[in-house]
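One structure is given here, and the rest of the page talks about it.
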Amino acid sequence: MDRYKKQRMRMVETQIRARSISDTRVLKVMETVPRHLFVDEGLIDQAYNDNPLPIGEHQTISQPYIVALMTEALELKGRERVLEIGTGSGYQTAILAKLADRVFSIERVASLATRARKILDRLNCYNVAIRVGDGSYGWREEAPFDAIIITAATPQIPSFLAEQLAPGGRFVVPVGSRDVQTLYKLTRSADNPSEMKKEDLGGVRFVSLIGESGWKS
Ligand code: SAH
């Protein structure tokens, strides 16, 4: 019996369901993925708290509610190919792996990618491919994707990524300054692929995307 199960159930109830996340697949998966494995040992007691936490290399694991909000917006049914930029701890990656067919995740910092890979293997997330590099360019060989998620702040929507979104696909991305961003959901029209619908999902604070589509350092 997983001793963190109770904390996880409470997290979903009070932080996620209470804030109107209703996709039952998302709720179920967040009740099962062991978030405490993705944080440093010294922070395990805080793993299910209502906030982001440091994961080293000046990066953070996102707040559980933000993970739920972004995941729900991707509208995953189980057969999708998903591109993620900013693997970080790998927690969001694990959630995506349980909800979609395949996940392609790009992380700039090699040590984070290595650590994430180990935990994902331990959780049998073998449908995840991780690449180290600048995610600004996407993953051309594996495109198009049914869903794309960027878990770092970007000053503009990276054009390479938008091009890799399939007709009918969803793209969730925080756009703004280094301090504060707006979370956008873009949906490419299935009938007219040159058309993109844009929805505002609210204000967020992410660490910066560093690279071609982001900041220089
Ligand atoms: N979803 C992750 C978020 C990690 S923070 C989690 O919850 O753990 C954002 C991550 O984006 C960091 O790990 C950072 O190194 C990475 N990142 C920043 N710029 C990047 C880029 N251009 N390409 C790929 N990853 C990048």
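When a ligand or atom number is given, it counts from 1 through the structure's own listing order.
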Trace of the side-chain contact (heavy atoms from CB on, under 4.5 Å) decision for Phe145 with Trp139: CA-CA 9 Å; Phe145 301 97; Trp139 196 318; 3.9 Å; yes
Selection residues 108-126 - residue pairs positive for salt bridge (charged side-chain N to carboxylate O under 4.0 Å, His left out), sequence neighbours left out: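 As it turns out, the salt bridge (charged side-chain N to carboxylate O under 4.0 Å, His left out) pairs with a partner in residues 108-126, which skip direct neighbours, are Asp40-Arg115, Arg117-Asp121.
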From Asp146, Ile106, Ile149, residue fulfilling side chain to side chain contact (heavy atoms under 4.5 Å, CB included) relative to Leu83: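 Among the candidates, only Ile106 passes.
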Aromatic ring pairing Phe160/Tyr137, orientation class (parallel under 30°, perpendicular over 60°, tilted between):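 Rings of Phe160 and Tyr137: tilted, 30 to 60°.
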Mutual orientation of the aromatic rings belonging to His36 and Tyr48 [parallel < 30°, tilted 30-60°, perpendicular > 60°]: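 Ring orientation of His36 relative to Tyr48: tilted.
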Would you tabulate the polar-atom pairs, meaning N/O of ligand 1 against N/O of the protein, with distances under 3.5 Å, reported to 0.1 Å?
residue	atom	partner	partner atom	Å
ligand 1	1 (N)	Thr151	OG1	3.2
ligand 1	7 (O)	Ser62	N	3.0
ligand 1	8 (O)	Ser89	N	2.9
ligand 1	8 (O)	Ser89	OG	2.6
ligand 1	13 (O)	Glu107	OE1	2.7
ligand 1	13 (O)	Glu107	OE2	3.3
ligand 1	15 (O)	Glu107	OE2	2.6
ligand 1	19 (N)	Ile210	N	2.9
ligand 1	22 (N)	Asp134	OD1	2.8
ligand 1	22 (N)	Ile210	O	2.7
ligand 1	23 (N)	Gly133	O	3.4
ligand 1	23 (N)	Gly135	N	2.8
ligand 1	25 (N)	Arg108	N	3.2

Any Val180 side-chain heavy atom under 4.5 Å of Ser177 side chain: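 Side-chain contact under 4.5 Å: yes.
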